[in-house]
Amino acid sequence: MPELPEVETIANHLRPALAGRTITAARLLWPRTLETPPPSQFQTRSFKRRIIGQMIRDVGRRGKFVILQLSTDTLLIHLRMSGDLLVEPDHAPLAKHHRLTLSLEDGNRLAFHDPRKFGRAWLVKDPEAVVGSLGPEPLDKTFTAEVLYRGLQASHRQLKPLLLDQTFLAGLGNIYADESLHRAGLHPLTLSNTVTAVQAKALWRGIRAALREGLRCNGASIDWVYRGGEFQNHFRAYQRTGQPCPTCGTPIVRIVVGQRSTHLCPTCQPSIQTSS
DNA sequence: CACGAGACCTGTTCGC
DNA sequence: TGCGAACAGGTCTCGT
């Protein structure tokens, strides 16, 4: 579910409810949710012993990771496809899809809710061990159009899979990749090293504009997940197969790229003809 | 190096 | 109504 704007929205929502609270208990309902330390019985006990008593100092985000800065360690959580983080009374019944809960001294608990069980958590001393390989933050001031252009030149991959590669750029997922490419007027299958500096600048603007609009809307809420986000009402291409392109009216087309649904306007995002 | 397929999971929607 | 197929916001690993 979550891409950069959704994760940022969740982190912002959690911060006031968690910052300054001390963890008093931990429950691991689906062992594989814990990536580090490894989910053996022995390690699970050491996880609980280690996290209980630590205070949550701050809640942040890097790429699609939610980062809880604790007294001595860092807890990183990746929501993957269906994960969600909730704060609820500790005495409430455990929901069917709760995978990990952390009880707090104030009577509430943080619950990692994740129907598809793809989500993961890491308790580590050094967060760089988990997020160290991530690419730049797309909204950071150091991520310029020139940086993007150089990155595109250095690779010869199709744009869509490249934008989804978190080591290339951190935070884009299927929604914002499609929305960025549509805004830039670039076909998802365009080879990155064939993109001109002018097109790279358009892509840079597209990425940042799509993410900023997503943030302004508090992210997208699709299906059963509702967090108040409403970016889904502003999609230009994503999941709009057959509906008119907001720019030119041409019906949006769906193709599959790297086993992911990909949506584009065939007029605004013309495919690159094989030239010699 | 770049790409496709399969794996990991459960739930919802679609087509017959 | 029932039932299987297709699909879902992500990422990893393997084979070519």
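Just so it is clear: chains get the letters A, B, ... in the order the sequence lines come, proteins before strands, and each one is counted from 1.
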Under 4.5 Å between any side-chain heavy atoms of [X] and [Y], yes or no?
{"X": "A:Arg109", "Y": "A:Leu94", "answer": "yes"}
{"X": "A:Leu203", "Y": "A:Gln199", "answer": "no"}
{"X": "A:Gln232", "Y": "A:Ser221", "answer": "yes"}

Does the structure show a Watson-Crick or G-U wobble partner for C:dG9, both distances under 3.5 Å? Name it, or say none.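 Base partner found: none.
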| B:dC9 pairs with which nucleotide, Watson-Crick or G-U wobble, both distances below 3.5 Å? |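 Paired with no nucleotide.
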Would you indicate, yes or no, if [N] has its OP1 or OP2 atom less than 4.0 angstrom from a side-chain nitrogen or oxygen of [X]?
{"X": "A:Arg32", "N": "B:dC9", "answer": "yes"}
{"X": "A:His97", "N": "B:dG11", "answer": "yes"}
{"X": "A:Tyr176", "N": "C:dG9", "answer": "no"}
{"X": "A:Ser261", "N": "C:dA8", "answer": "yes"}
{"X": "A:Lys96", "N": "B:dG11", "answer": "yes"}
{"X": "A:Arg157", "N": "B:dC3", "answer": "yes"}
{"X": "A:Lys117", "N": "B:dT10", "answer": "yes"}

Next on the checklist: Here's a test of your reading of the structure: between A:Gly173 and A:Arg254, which maps to the more 5' nucleotide of DNA chain C?
Outcome noted: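 Nearest nucleotide further toward 5': that of A:Arg254.
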* Please tell me which of A:Gln166 and A:His263 maps to the more 5' nucleotide of DNA chain C, matching each residue to the nucleotide holding its nearest heavy atom. =>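 Closest to the 5' end, via its nearest nucleotide, is A:His263.
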Once you round it to whole Å, what is the distance between [atom2] of [N] and [atom1] of [X]?
{"X": "A:Leu85", "N": "C:dG9", "atom1": "CG", "atom2": "P", "answer": "20 Å"}
{"X": "A:Arg116", "N": "C:dA8", "atom1": "CZ", "atom2": "P", "answer": "10 Å"}
{"X": "A:Glu6", "N": "C:dG10", "atom1": "CD", "atom2": "P", "answer": "9 Å"}
{"X": "A:Arg120", "N": "C:dG10", "atom1": "CZ", "atom2": "C1'", "answer": "11 Å"}
{"X": "A:Arg99", "N": "B:dC8", "atom1": "CZ", "atom2": "P", "answer": "16 Å"}
{"X": "A:Phe65", "N": "C:dG9", "atom1": "CZ", "atom2": "C1'", "answer": "15 Å"}
{"X": "A:Arg260", "N": "C:dA8", "atom1": "CZ", "atom2": "P", "answer": "8 Å"}
{"X": "A:Asn174", "N": "C:dC7", "atom1": "CG", "atom2": "P", "answer": "13 Å"}

message: Looking only at the side chains, is there a donor atom on one of A:Glu88 and A:His113 sitting less than 3.5 Å from an acceptor on the other?
response: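 Absent: no donor and acceptor within the cut-off.
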For the residue pair A:His13 and A:Arg15, confirm or rule out a side-chain donor-acceptor distance under 3.5 Å.
->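 No pair is found: no donor N or O on one side chain lies under 3.5 Å from an acceptor on the other.
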Pairwise [atom1] distance, [M] and [N] [rounded to whole Å]:
{"N": "C:dG9", "M": "B:dC14", "atom1": "P", "result": "15 Å"}
{"N": "B:dA5", "M": "C:dA6", "atom1": "P", "result": "14 Å"}
{"N": "C:dA5", "M": "B:dG6", "atom1": "P", "result": "15 Å"}
{"N": "B:dC9", "M": "C:dG4", "atom1": "P", "result": "22 Å"}

task = Look at the aromatic rings of A:Phe231 and A:Tyr176 and report parallel, tilted or perpendicular, splitting at 30° and 60°.
result =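 Rings of A:Phe231 and A:Tyr176: parallel, as their planes differ by under 30°.
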Taking any heavy-atom pair under 4.0 Å as a contact, classify A:Gln259: base, sugar-phosphate, or nothing.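 Answer is base: heavy atoms of A:Gln259 come under 4.0 Å of a base.
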Answer yes or no for this row: A:Phe118 ring on B:dC8 base, centroids under 5.5 Å, planes under 30°.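 Here the ring of A:Phe118 and the base of B:dC8 are stacked, with centres under 5.5 Å and planes under 30°.
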Quiz item: Charged N to carboxylate O below 4.0 Å: is that the case for A:Glu179 and A:Arg236?
Solution: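 No, no charged N to carboxylate O under 4.0 Å.
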[X] side-chain proximity, nearest of [options]:
{"X": "A:Gln239", "options": "B:dC3, C:dA8, B:dC9", "answer": "C:dA8"}
{"X": "A:Lys64", "options": "C:dT11, B:dC8, B:dC3", "answer": "C:dT11"}
{"X": "A:Ile222", "options": "C:dG10, C:dG9, B:dC3", "answer": "C:dG9"}

**Asked** Is there a donor and acceptor pair, one atom on the side chain of A:Glu3 and one on the base of C:dG10, closer than 3.5 Å?
**Response**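 In this structure, the two groups form no donor-acceptor pair.
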